Each structure stands twice: as C-alpha cells, then as structure tokens.
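See below for the structure under consideration.
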Number of protein chains: 2
Amino acid sequence: MSATKEIAPKKSDETRARILEAALTLFRKHGFEKTTMRNIAREAGVALGAAYYYFDSKDALVMGFYERAQDDLSALLGEALPKTKGLQEKLHTLLSIKFDYFQPNRELLRALSGHIDPEHPLSPFSEETRTIREKDVSFFANLVEDAGLRIPHDLRMHLPRLLWMYQMGLLLFWIYDRSPRQVQTKRLFEKSLSIVVNLIKLSGFPLLRPVRKIVTNLLEIIVGADESAVADAAR
Amino acid sequence: MSATKEIAPKKSDETRARILEAALTLFRKHGFEKTTMRNIAREAGVALGAAYYYFDSKDALVMGFYERAQDDLSALLGEALPKTKGLQEKLHTLLSIKFDYFQPNRELLRALSGHIDPEHPLSPFSEETRTIREKDVSFFANLVEDAGLRIPHDLRMHLPRLLWMYQMGLLLFWIYDRSPRQVQTKRLFEKSLSIVVNLIKLSGFPLLRPVRKIVTNLLEIIVGADESAVADAAR
DNA sequence: GTCTATATCGGGATAGAC
DNA sequence: GTCTATCCCGATATAGAC
C-alpha cells in the first residue's frame, strides 16, 4: 500500500518542477546571467534556501534543463525517425527537430556555450553529462544502422561520434548566427549535409581508401586523447 | 626638453606592470577563478582601488595579458620566421613558438577558453580583440606570402584566416590535452600539419578543382555570416 | 594624476533554526 | 523541507592624502 516511492512522486517533487520552470521562464525572459537565484526563488514562491535545497547551484538548474530536453527529444525522435528513409532524410529530420526544440532557448544555450572545458560539469564533454551524451550518440548509431548503407568498418566505428560532432558544430554555429531567422545556418546545414552524406556514401570507393585512412588516423589521435583522459580520471 | 611623453614613461606605468605581473603570478599559482582582486592588489602591494584604477575589471587584466603576449610573440616571430624556408617549416616554427610561449599559462588559457561568444570582450572573435586577431592573421598572410607557393586565388584569399583557425583548433586541443607532456597534441600537430601543407600544395591540381570549390563554398557561407554580423553591429 | 581607505551593493552559496 | 541570517567576493563609489 505504501507504494508512494514509485507510483505517487507528487509529494513535493512538484516544488522542484516549479522551481525549474520558474528558472527557465526567467532565463528566457531576462537571460541567464541577469537571472538571480533570488528572482528564481521569488518567481517560484519559495525562499532562497528552498531553491538551493532542490538545486545545489544555479548550474544544477541548467542540468535539469538538459535532462528534460533529452527526455523530450528522445520521445520526439522516436516518433519521427522511423517514418524516414535514407541517411540524408534521417539526418535532416533529426537535426531539424533539435533546432525546432531548442529555438525558444537559443539565448540560454548561447549563455551556456562557454562551458567547453571537459572538467566543467555542464560541458557537453564532461563526465557529468556522459549519459546524456552517450544516449545522444546512440541516436546517430541507430540512424546509421537503419539507413542500411554499406560503410567500411574503420569509418563505421567512428561514424556515430563523428556525426554527433557535426551536430554540435552546427548547433554552435546556429547559436551565434545573427542573420534574420538564422538563414545562414539553414544554408550551411543544407549544403554541408549533402556533402557529409555524399562523403559517407563514397567512403567505400576503393580509390578513396588512402583519404579515408588519413581521416581515421587523425580521428584516432583525437579520440585516443579522449580515452586516455578518461583512463586518467579513473585512476 | 620635456620629452617625458615619449622617452620616459617610467613614472608609474611601472605600477601598472606590477599589478599585471601580480595578477598573472596568482592566476598561475591558484587559477583564475580563485584569484580575487583583493589578492592581486595585496600581492602587488597596492590598495584595491589602485588595482581598479589601472584595470577596470578582472577581465581587463586578461586583456592586458593578451596584449603583452601579442607584443612578445610578435618579436619572437619576427626574429625566427625569416630564418625558415618553405610552408611546412614556417608553420611548424610559428606554432612551436606559440606553444612554448603559452606553456606556463596553459591553465590560465583553459580558464579563459570559455569565452567563445563573439559578444564577450575577451572572445578571440570579439570586436575588442579585433586588432590582436588581425595582427595574428597577418602573420599567416606573410608566412604564406614568403613561402612563395602558387596557390589558386579562390583558396588563397581565405588561406590566412583558415590557417589561423587551424591554429586555434590546435591550441584548444592542447589546452585540454591531459596526456603526459601534451604528447597527444604533438602527435596531432605533426600529423595534421603535413596533411594541411600537402592539401595546400595539391590545391592547384586541376583534378581537385571541384573539391576546392566545395570547400571554398562552405567557407564563404561561414565567413559571410561573420561579415553580415559585423555589418549588423555597425548599424 | 596617483593612490589609500572604507563603505556599500548585488548575487552565489551556506549554516543552522524551526 | 523550508526559512532567515550570514558570508564571501566582484564591483562601484566616495572622500581625501600627496
């Protein structure tokens, strides 16, 4: 009978949600920097200490935002992707959905884009965001799988991560795109996407083998650095 | 007689230098975040107000560091580069000198690497750092000039900026390289440099014209975005 | 113009009472 | 779980010594 643990998390989990909601509202309205924890607490109708009780820091609120976005996007993608065919269409759909989803929070993302240091908890490369990142990479892995292309093994093993980085690059460009309705990003997106897809399709072409080797060699140095850093951290 | 203006700026310009020096020392010793303006003032043997008299903010101290680095590097490069021959050797020398110069401040640079937003004064892409950046790009322009290669016009006009971005990428990788003596960066550097140089040398090869077009097209979208942003800011 | 001393404020974060 | 009080620090301002 006391299944309150799993079934009814209503208790004052709702307070937490209210605080997060208040924070996001204010972030969107006045920007991240200008929004103070005091404002957030007031907007949510709690005391400052209460806000800190639920979220260890202002950054923890951002983490809450990341997690919610991941959940929402997971649902949206799971819905839309199965209806698509081919690598290009799938990638186009995935990225379009992300752009649409993050549109209202573009300014917030800009304020957060400074977190590039893998040591920083909010960095897209940090240990703290690892599960989010890996889930995100897995979308690309599934997408490549479902596209059903024949891709050389050496490239294939890096492809999900590579596409994830392509996505991050596009998002970064988009965040700082000051053209009217981010049409520049749109242009870059369309143009680069077909190049990327063509490169992947061509990658099995025997003549391109040396080129592929050069690319995968570079990749291995970069990823290798990543892995030894992880090994480092584990010690 | 009263040529104090140009000849003897010793007055208490020296104080300014001392404050900057104190700041850098503390940044190196305790990191950027943990160093307070109060500490800096104390280390320099002046009052807090004096520190703010010379530097409007903690960030202004960083700007001072950038400017000094630019001056120092300008001298070092002007000394070393004329003794080199060929694109590869020149690029290798330039980048090696930068790595060596920044080595003691690697941690500081890591703390600053978050300034990626072109709106932020300390960003390498900001208006405030424009002259520094342009001077830096001009090193690459001269270097390409002096290497005396025949390079297609469409690529040549983008090349200095492109090489500058290559440099920034390497520096970024280096800043976060956790391998023993940044040997990973060393590997990436050697390997990528010869690829870059070979690509440039091959760029005039007629068969590669379509490839070059693809690259320059993408570049123009990206740079175009940059320029319209500048035009935007001017309005 | 150069600098000290000090007071004040805003905001992130914490301690401890209830 | 929630609130009040408090601390720390960056930043600003002011009054005044030299």
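Being a predicted model, the structure only gives us computed values, none of them experimental. Every chain is numbered from 1, with letters handed out A, B, ... down the list of sequences.
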Query raised in the report: Strictly by modelled atom types, are B:Thr185 and B:Asp177 linked by a side-chain donor-acceptor pair under 3.5 Å?
Result: yes
**Report entry** Side-chain H-bond candidate by donor/acceptor type, A:Tyr176 with A:Ser113, under 3.5 Å
**Finding:** yes
Requested in this report: Could you pull out all residues at least two apart from A:Tyr66 that satisfy side-chain hydrogen bond (donor to acceptor under 3.5 Å, both in side chains)?
Outcome: none
**Report entry** Row check, B:Phe139 ring normal vs B:Lys90 NZ/CZ: under 6.0 Å, within 45°
**Finding:** no
Query raised in the report: At under 4.0 Å between heavy atoms, what does B:Tyr52 touch on the DNA or RNA strands: base, sugar-phosphate, or nothing?
Result: base
**Report entry** Segment of DNA chain D, first to last nucleotide, that comes within the 4.0 Å heavy-atom reach of chain A
**Finding:** D:dG1 to D:dT4
Query - salt_bridge(A:Arg178, B:Glu119) N-O dist < 4.0 Å - result: yes
Query - Nearest-nucleotide 5' precedence on DNA chain C, A:Lys34 against A:Asp56 - result: A:Lys34
Query raised in the report: Nearest nucleotide by nearest heavy atom, which residue falls closer to the 5' end of DNA chain D, A:Ala51 or A:Arg38?
Result: A:Ala51
**Report entry** Members of residues 40-49 of chain B that approach DNA chain C, where some heavy atom sits under 4.0 Å away
**Finding:** B:Gly45, B:Val46, B:Ala47, B:Gly49
**Report entry** Presence of salt bridge, A:Glu43 and A:Arg18, under 4.0 angstrom
**Finding:** no
Report task. Could you state the atom-to-atom distance from CE of B:Met37 to P of C:dC9 in whole Å? Result -> 21 Å
Query raised in the report: With B:Leu61, which of B:Asp56, B:Leu24, B:Ile40 fulfils side-chain contact (heavy atoms from CB on, under 4.5 Å)?
Result: B:Ile40
Query raised in the report: Between atom CD1 in B:Ile19 and atom C1' in C:dT4, what is the gap in whole Å?
Result: 13 Å
Report task. Might you work through the salt bridge (charged side-chain N to carboxylate O under 4.0 Å, His left out) test for B:Lys98 and B:Asp136, ending with a clear yes or no? Result -> CA-CA 11 Å; B:Lys98 291 218 173 174; B:Asp136 211 20; 2.5 Å; yes
